[in-house]
Amino acid sequence: PSLSNCLVQMYGLCASPRDAQKSFDALPFPTHISWTILIRALGLNAEVHKALEAFHSMRNQDVVAWNAMIGVYVQNGLCEDAMNLFVKMQLHGPTPSNVTFVCVLDGCSELKIGYAIHDLIIKFQYEGDITVGNALLTMYGKCHNTSDAERTFLGMKVRNVVTWSALIAQYVNNGEEADALRLFRVMLLEDVKPNNITCISVLDACTTLGEVADGRKIYAVVVECGYEKSVPVGNALVNMYGKCASLPDAKNVFHRISGRNMVTWSSLMGAYTQMIFYNEVLQLLHLMQHDGVKPDKVTFLCALDACAGLTDLKAGQITHACLVESSHEQD
RNA sequence: CGCGCAGCGAAGGCC
């Protein structure tokens, strides 16, 4: 039975909703857990209608099943449906849990609704729950209300690395990069260890501000924390140095990254573009292919841009041919 | 043992 549940889950994660359904149908006595796994497997693959069918087919849906269904709506961009289901849940469903609020907050992009949810969180006494607090401050940030995000942050009795990273990221998303860097400094002073997500956010802040000096300090933190090998962090560093016109540093970081992906390559191409080294951009396009990394749309846009900058028709035609060839190689 | 919290990396065009 638990083996079958695992099968359903595996097919769901492997983008095979049909097989997930088949494995589920083979279960003589599906439990609540089986049903929830099925709902999630279908939702992950955009089979929202089938997920809802499954939700209705099980009897006595527990709170986890309701949460899963609300989550399916949110993750498929159907936030109105998520809210409606949440309202239904309050009318004739189980008492919401902390996860319910996290799901609903995730689907909320309207400040007015956000305040209403906040009131309910107080009513159900989930204010002190750290995951709810984190989701709440993120919701305020996504609604472009960084002051309420700050208030939420300050009101939290317990904070973890997600709490700090969430507020930093919301500052960055709202164009308040200086505040993001300031908060990052406080975080270090309070001995909270950043993770790679935190580092990427503050590196992005430096990129936007063109603050290479701060960027270097963050690089030191990255090394100290042992995130030097992380590809996303490396990409953010290449990008930061590139945008700050520190090509040697960008190249240096680039060479230290093992497992470079197309974003890594495109970031370095961007660094060369910044310095108007268009020939080098075109060389990189070939080097990356030689390295077994497939260029994508963005990579080609960079390369074509370089050809235009060079006003080199021949190079443009070669790149064009490259693009056509690459698009035939799909699958 | 089923649901859930931050990031979601790189490019160009128009205003």
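Side chains included, hydrogens not; waters and symmetry mates left out as well; all remaining heavy atoms used. Predicted model, so just to flag it, every value in this text is computed and none were measured. Per chain, numbering begins at 1; letters A, B, ... match sequence-line order.
No contact: Ala236(A) has no heavy atom under 4.0 Å from any strand. Counting any heavy atom pair closer than 4.0 Å across all strands shown, Val102(A) reaches sugar-phosphate atoms only and no base atom. Asp129(A) comes within 4.0 angstrom of nothing in the nucleic acid, heavy atoms only. Looking at heavy-atom distances under 4.0 Å, Asn160(A) makes no contact with the nucleic acid at all.
Listed candidates were rA10(B), rC3(B), rG7(B). Nearest to the side chain of Arg40(A) is rC3(B). Across rG2(B), rA10(B), rG7(B), the shortest atom-to-atom separation from the side chain of Asn173(A) is found for rG7(B). Each of rG4(B), rA10(B), rC3(B) was ranked by its minimum atom distance to the side chain of Ala68(A); first place goes to rC3(B). Checked against rA10(B), rC3(B), rG7(B), the side chain of Ile200(A) finds its nearest nucleotide in rG7(B). Which of rA6(B), rA11(B), rG4(B) sits closest to the side chain of Val99(A) comes down to rG4(B). Relative to the side chain of Gln170(A), the nucleotides rA6(B), rA10(B), rG4(B) differ in distance, and rA6(B) lies closest. When distances run from any side-chain atom of Ile197(A) to the nucleotides rA11(B), rG4(B), rG7(B), the shortest one goes to rG7(B). Distance from the side chain of Val64(A) is smallest for rG2(B) among the nucleotides rG9(B), rG2(B), rA6(B). For Ser165(A), taking side-chain heavy atoms from C-beta onward, the closest of the listed nucleotides rA6(B), rA11(B), rG9(B) is rA6(B).
Between Phe86(A) atom CZ and rC3(B) atom C1' there is a gap of 15 Å when expressed in whole angstrom units. Rounded to a whole Å, the NZ atom of Lys297(A) is 13 Å from the C1' atom of rG13(B). In this structure, CH2 of Trp66(A) is placed 18 Å from P of rG4(B), rounded to the nearest angstrom. Following rounding to the nearest Å, Tyr241(A) (OH) and rG9(B) (P) show an atom-to-atom distance of 22 Å. Between the CD1 atom of Ile168(A) and the C1' atom of rC8(B) there is a distance of 17 Å, given to the nearest Å. Rounding to whole angstrom units, CZ of residue Phe300(A) and P of rA11(B) are separated by 17 Å. A straight line from CG of Leu268(A) to C1' of rA11(B) spans 14 Å, rounded to a whole angstrom. Computed from coordinates, the Leu237(A) CG to rG7(B) C1' distance equals 15 Å when rounded to whole Å.
The 12-atom threshold is exceeded at CZ of Arg185(A), counting heavy atoms of other residues, nucleotides or ligands nearer than 6.0 Å. Within 6.0 Å of the CZ atom in Phe124(A), the count of heavy atoms belonging to other residues, nucleotides or ligands exceeds 12. The number of heavy atoms from other shown groups lying within 6.0 Å of NE2 (His320(A)) does not exceed 12. By the neighbour-count criterion of 12 heavy atoms within 6.0 Å, atom CD of Glu190(A) is densely surrounded, having more than that number from other residues, nucleotides or ligands.
The closest side-chain heavy-atom distance from Leu181(A) to Ile218(A) is below 4.5 Å. Considering only heavy atoms from C-beta on, Cys108(A) comes within 4.5 Å of Met139(A) through its side chain.
Within the structure, every side-chain polar atom (N or O) of Lys243(A) is placed at least 4.0 Å from both OP1 and OP2 of rG9(B). The phosphate of rA10(B) has OP1 or OP2 within less than 4.0 Å of a side-chain N or O from Asn239(A).
For rA10(B), its base never sits under 3.5 Å from the side chain of Ser267(A) at any donor and acceptor pair. Residue side chain Thr131(A) reaches the base of rG4(B) through a donor-acceptor N/O pair under 3.5 Å, judged by distance alone. Side-chain N/O atoms of Asp62(A) and base N/O atoms of rG2(B) include a donor-acceptor pair closer than 3.5 Å.
In this entry the base of rG9(B) is syn relative to its sugar, with a glycosidic angle within 90° of 0.
Tyr227(A) places a side-chain N or O within 3.5 Å of a backbone atom of Pro194(A) that can act as its donor or acceptor partner.
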